[in-house]
Asks: 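Mind looking over this structure? Questions follow.
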Amino acid sequence: MAVLLRRAAAAAAAVLVVAAVCADGASTFYSSDPNLGSARVVFQTNYGDIEFGFFPRVAPKTVEHIFKLVRLGCYNTNHFFRVDKGFVAQVADVMSGRTAPMNAEQKKEAEKTIVGEFSSVKHVRGILSMGRHSDPDSAGSSFSILLGDSPHLDGQYAVFGRVTKGDDTLSKLERLPTRREGIFVMPIERIDILSTYYYDIDVESCEAEKSILRRRLSESASEVERWRRKCFA
């Protein structure tokens, strides 16, 4: 009987611990980069997947805009129009880069420009940085993934996230044949963003664990109750 009670207590404690971890994700999932939020986006390309997360406290307006474009499916059928080894892989503006037509809601969001949210975050490999024209508030939907350290971009372009998985895919892109057009180094073959999806690491990592622990707690409680009835009948 005492063993069963200890098991039930342990299961209950485990549920509380998991719940606490989910409520304070920054202390577990984001310890390697305190800027990272819990949302993740995956671009599935014809050369592999690239996953990235956002910096909502660094560039909140930019993150909100890009994430909405992702949720609306605006980057599906888009492409990387630029791959400059050791520098950047740049995603095309969705208004001109997609092969699929856009609906009215997608166009409305894609036509927006975002105020330049410049910060002290450094441009190093894996960082996501908005593209723009000479106007500092002209960023739209095109952005670059840094393929190397580029300190000359610091404070000039809005950093809003970083790659969390898929550096091997970036390395594949860097090995592709390219051609130069003016200041741009461009891949000879199209690098398609075939599809995109997003998820939340807090929800994905915690809900399954909490479900298992709740079931174990319920089973332990039921067993304790059966023994209690048997012992005191």
Side-chain angles (χ1 to χ4, degrees), residues 24-45 47-71 74-76 78-94 97 114-132 136 139-175 185 191 193-205:
D24 186 20
S27 66
T28 53
F29 296 118
Y30 321 144
S31 58
S32 61
D33 193 333
N35 290 319
L36 270 175
S38 60
R40 294 290 181 270
V41 171
V42 179
F43 280 5
Q44 298 181 298
T45 80
Y47 290 95
D49 292 358
I50 302 169
E51 179 190 282
F52 56 86
F54 295 112
F55 293 164
R57 288 178 293 182
V58 173
K61 291 183 173 61
T62 304
V63 169
E64 180 182 8
H65 172 60
I66 296 298
F67 197 23
K68 186 171 183 180
L69 289 171
V70 170
R71 296 196 306 272
C74 292
Y75 288 100
N76 294 342
N78 198 15
H79 69 119
F80 285 84
F81 80 92
R82 180 184 188 186
V83 179
D84 196 338
K85 185 177 181 179
F87 183 36
V88 295
Q90 187 167 355
V91 177
D93 185 287
V94 299
I114 304 301
V115 63
E117 295 182 298
F118 309 123
S119 69
S120 60
V121 179
K122 304 300 183 183
H123 283 74
V124 297
R125 186 177 178 88
I127 281 291
L128 308 185
S129 179
M130 291 299 293
R132 64 172 177 84
S141 58
S142 177
F143 65 87
S144 295
I145 299 176
L146 272 291
L147 300 176
D149 297 353
S150 300
H152 65 286
L153 302 180
D154 293 347
Q156 305 298 314
Y157 294 84
V159 170
F160 67 94
R162 72 167 175 82
V163 170
T164 50
K165 293 179 184 177
D167 191 69
D168 55 334
T169 299
L170 296 180
S171 296
K172 288 179 185 177
L173 301 188
E174 289 187 279
R175 292 194 293 269
V185 177
I191 303 171
I193 301 172
L194 304 171
S195 62
T196 64
Y197 66 90
Y198 58 93
Y199 68 100
D200 191 296
I201 62 172
D202 278 350
V203 174
E204 295 296 325
S205 62

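Just the heavy atoms: all of them, side chains too, but no hydrogens, waters or symmetry mates, feed the values below.
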Asks: Taking side chain as C-beta onward, heavy atoms only, is Val159 less than 4.5 Å from His123?
Replies: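 Of all side-chain heavy-atom pairs linking His123 with Val159, at least one is under 4.5 Å.
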
Asks: Is the shortest side-chain heavy-atom distance between Tyr198 and Arg71 below 4.5 Å?
Replies: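 Touching, per the 4.5 Å side-chain cut-off.
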
Asks: Taking atom OH of Tyr47 and atom CG of Leu173, what is their separation to the nearest 0.5 Å?
Replies: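 Between Tyr47 OH and Leu173 CG, I get 8.0 Å after rounding to 0.5 Å.
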
Asks: Enumerate donor-acceptor pairs with a distance under 3.5 Å from any side-chain N or O in residues 140-148 to protein atoms, sequence neighbours excluded.
Replies:
residue	atom	partner	partner atom	Å
Ser141	OG	Asp93	OD2	3.4
Ser141	OG	Val94	N	2.9
Ser142	OG	Gln90	NE2	3.1
Ser142	OG	Val91	O	2.6

Asks: Looking at side-chain heavy atoms only, is the closest gap between Met130 and Ile114 below 4.5 Å?
Replies: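 Heavy-atom side-chain distance check fails, nothing below 4.5 Å.
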
Asks: With sequence neighbours left out, what residues match Phe54 under ring pair (Phe, Tyr, Trp, His ring centres under 6.0 Å)?
Replies: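 Phe54 satisfies ring pair (Phe, Tyr, Trp, His ring centres under 6.0 Å) with Phe52, Phe67 once adjacent residues are dropped.
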
Asks: Under a 3.5 Å distance rule, please check whether Asn78 uses its side chain to pair with a backbone N or O of Ala92 as donor and acceptor.
Replies: yes

Asks: Quick check with a 6.0 Å cut-off and a 45 degree axis cone: is Arg132 positioned over the face of Tyr157's six-membered ring?
Replies: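 Judged by the rule, Arg132 and Tyr157 form a cation-pi pair.
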
Asks: Looking only at side-chain N and O atoms, does Ser195 offer a donor or acceptor that is under 3.5 Å from a partner on Asn76?
Replies: no

Asks: Counting distance only, does the side-chain N/O of Ser38 pair as donor-acceptor with the main-chain N or O of Asp200 below 3.5 Å?
Replies: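 Between the backbone of Asp200 and the side chain of Ser38 there is no qualifying donor-acceptor contact (under 3.5 Å).
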
Asks: Working to the nearest 0.5 angstrom, can you tell me the gap between Ser119 OG and Asn35 CG?
Replies: 8.0 Å

Asks: Could you tell me if the side chain of Ile66 sits less than 4.5 Å from the side chain of Tyr75, heavy atoms only?
Replies: yes

Asks: Quick one, Arg82 and Phe87 - any side-chain contact, counting heavy atoms below 4.5 Å?
Replies: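 Contact flag for Arg82/Phe87 side chains = yes.
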
Asks: Rounded to the nearest 0.5 Å, what separates atom CG in Leu36 from atom CZ in Arg162?
Replies: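 Answer for the CG-CZ pair, Leu36 versus Arg162, is 4.5 Å.
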
Asks: Quick one: which of Leu128, Asp33, Thr62 gives a side-chain contact (heavy atoms from CB on, under 4.5 Å) with Phe55?
Replies: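 Going through the options one by one, the only one that passes is Asp33.
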
Asks: Can you name the one residue among Ile50, Leu69, Val70 that meets side-chain contact (heavy atoms from CB on, under 4.5 Å) with Val41?
Replies: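 Exactly one pass, corresponding to Val70.
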
Asks: Can you check whether Arg40's main-chain N or O pairs, donor with acceptor, with Glu51's side chain at less than 3.5 Å?
Replies: no

Asks: With sequence neighbours left out, what residues match Arg125 under side-chain hydrogen bond (donor to acceptor under 3.5 Å, both in side chains)?
Replies: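 If we apply the side-chain hydrogen bond (donor to acceptor under 3.5 Å, both in side chains) test to Arg125, skipping adjacent residues, the hits are Asp167, Glu174.
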
Asks: At what distance, to the nearest 0.5 angstrom, does NZ of Lys61 lie from CD of Glu64?
Replies: 8.5 Å

Asks: Can you tell me how far CD of Gln44 sits from CD1 of Ile193, rounded to the nearest 0.5 angstrom?
Replies: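 So the gap between those two atoms works out to 11.0 Å.
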
Asks: For Gly166 versus Val163, what's the shortest heavy-atom pair and its separation?
Replies: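 Between these two residues, the closest heavy atoms are N-CG1, 4.4 Å.
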
Asks: So, for Gly37 and Pro56, which heavy atoms are closest and what is the spacing to 0.1 Å?
Replies: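 Minimum heavy-atom separation between Gly37 and Pro56: N-CD, 3.8 Å.
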
